[in-house]
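Chain A is the first sequence line, chain B the second, and so forth, proteins listed ahead of strands; every chain is numbered from 1. The model shown is predicted, which means the values in this text are computed figures rather than measured ones.
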Number of protein chains: 2
Amino acid sequence: MAHSPELLKGTLQTIILKILKDHGKTYGYEITHRVKELSAGSILLTEGALYPTLHRLEAEGLVKTEKVLMGKRVRKYYLLTPEGKSEAKDRVAEFVDFIKTMSTVLQVNIA
Amino acid sequence: MAHSPELLKGTLQTIILKILKDHGKTYGYEITHRVKELSAGSILLTEGALYPTLHRLEAEGLVKTEKVLMGKRVRKYYLLTPEGKSEAKDRVAEFVDFIKTMSTVLQVNIA
DNA sequence: TCATATACCTAATTCAATTAGGTATTATGG
DNA sequence: CCATAATACCTAATTGAATTAGGTATATGA
């Protein structure tokens with residue numbers, strides 16, 4: 001079911017950037033649920049990992065935020081900046097490249 | 001050329017176990033060169049990463065060592081224990097599973 | 001009313017990997 | 001013949017992303 005968390009390291013930013021690119025503005029809690037759904041439950045992005053990563057991406061200028069009042073609760077949407085969009089594309093391409101290399105090194109067929 | 005080192009995190013043990021499984025007994029310096037060659041220069045496994053990992057695998061009982069005297073120099077071969085062989089298989093399978101999941105999440109085709 | 005879900009967050013810790021060395025032997029080009 | 005590169009082992013200190021383990025508050029369904 002769930003993957004070894006070791007392998008997930010280094011992929012969190014890529015996942016989040018891609019989610020934001022495909023889905024447009026998304027709030028934090030929603031991101032964890034989208035990842036869980038897309039991965040059929042095998043990638044469980046905890047909030048302790050999510051929020052620091054989002055804040056890091058924001059500090060790097062790759063995402064920006066919009067606060068929306070929902071009843072008495074403030075919901076914070078995250079969305080890509082233009083640089084974020086470009087970076088999302090690059091990171092995904094890099095990941096594809098990486099798994100191609102790894103497939104060769106590990107001598108496995110990805111079909 | 002070289003990949004973002006972030007993505008490599010968590011894959012080092014898998015790479016090393018697979019090299020030892022395919023190649024049989026191999027010494028440390030040789031492992032770095034095999035990985036570099038197999039990856040066409042895009043995975044540069046430094047010795048600072050390699051040796052601690054090999055020692056960790058040894059402590060976990062997945063690899064054992066054989067010292068061979070080459071002239072005045074001691075060469076230390078690393079080879080899989082039976083548990084290491086089994087673990088190598090499992091780790092590679094896990095990695096394949098992981099990239100399948102990631103392909104879905106990132107919506108990319110691996111061909 | 002009480003647990004569960006929603007929704008944001010952070011502080012402390014962990015631990016693999018990076019950086020930056022150290023030591024010594026063996027080949028090789030000028 | 002000598003200096004440099006290549007071979008070959010290693011470790012200590014640091015980094016930094018992720019994990020663990022919380023905290024706060026609102027909304028909802030049984």
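- For the pair A:Leu8 CG and D:dA18 C1', the computed distance is 10 Å after rounding to whole Å.
- Mapping B:Arg75 and B:Gly48 onto DNA chain D by nearest heavy atom places B:Arg75 closer to the 5' end of the strand.
- The CD-P distance, from A:Glu47 to D:dT24, rounds to 16 Å in whole Å.
- Considering only side-chain N and O atoms, A:Lys9 lies nowhere under 4.0 angstrom from the phosphate OP1 or OP2 of C:dC15.
- Residue A:Tyr29 places none of its side-chain N or O atoms closer than 4.0 Å to OP1 or OP2 of C:dC8.
- In this structure, B:Gln13 places its CD atom 13 Å from P of C:dC15, rounding to the nearest Å.
- Between A:Leu44 atom CG and D:dT20 atom P the separation is 12 Å, expressed in whole Å.
- Placement of A:Leu79 and A:Leu17 in two distinct hydrophobic clusters is found when ILVMFWY residues are connected by side-chain heavy-atom separations under 4.5 Å, directly or transitively.
- The stretch residues 49-59 of chain B touches DNA chain D through B:Tyr51, B:Pro52, B:His55, each having a heavy atom within less than 4.0 Å of the strand.
- Between B:Lys72 atom NZ and C:dA27 atom C1' the separation is 15 Å, expressed in whole Å.
- Hydrophobic clustering, with ILVMFWY side chains joined whenever heavy atoms are under 4.5 angstrom apart, groups A:Val68 together with A:Tyr29.
- Both A:Val108 and A:Ile99 are assigned to one and the same hydrophobic cluster, defined by single-linkage of ILVMFWY side chains at heavy-atom distances under 4.5 Å.
- Tracing side-chain contacts under 4.5 Å through hydrophobic residues (I, L, V, M, F, W, Y), one reaches B:Leu12 starting from B:Tyr51; they form part of the same cluster.
- Note on A:Tyr27 and A:Met70: same hydrophobic cluster, where clusters join Ile, Leu, Val, Met, Phe, Trp and Tyr whose side-chain heavy atoms are under 4.5 Å apart, directly or indirectly.
- Of the candidates C:dT19, C:dT6, D:dA18, C:dT6 carries the atom nearest the A:His33 side chain, counting heavy atoms from C-beta on.
- Environment of NZ in B:Lys76: crowded, with over 12 heavy atoms of neighbouring residues, nucleotides or ligands closer than 6.0 Å.
- Between the P atom of D:dC9 and the CZ atom of B:Arg73 lies a distance of 8 Å, rounded to the nearest Å.
- For A:Tyr77 and C:dC9, the OH to P distance is 14 Å, given to the nearest whole Å.
- At a threshold of 4.5 Å between non-hydrogen side-chain atoms, the residues B:His23 and B:Glu30 count as touching.
- Here the P atom of nucleotide D:dA27 and the CE atom of A:Met70 are 11 Å apart, to the nearest Å.
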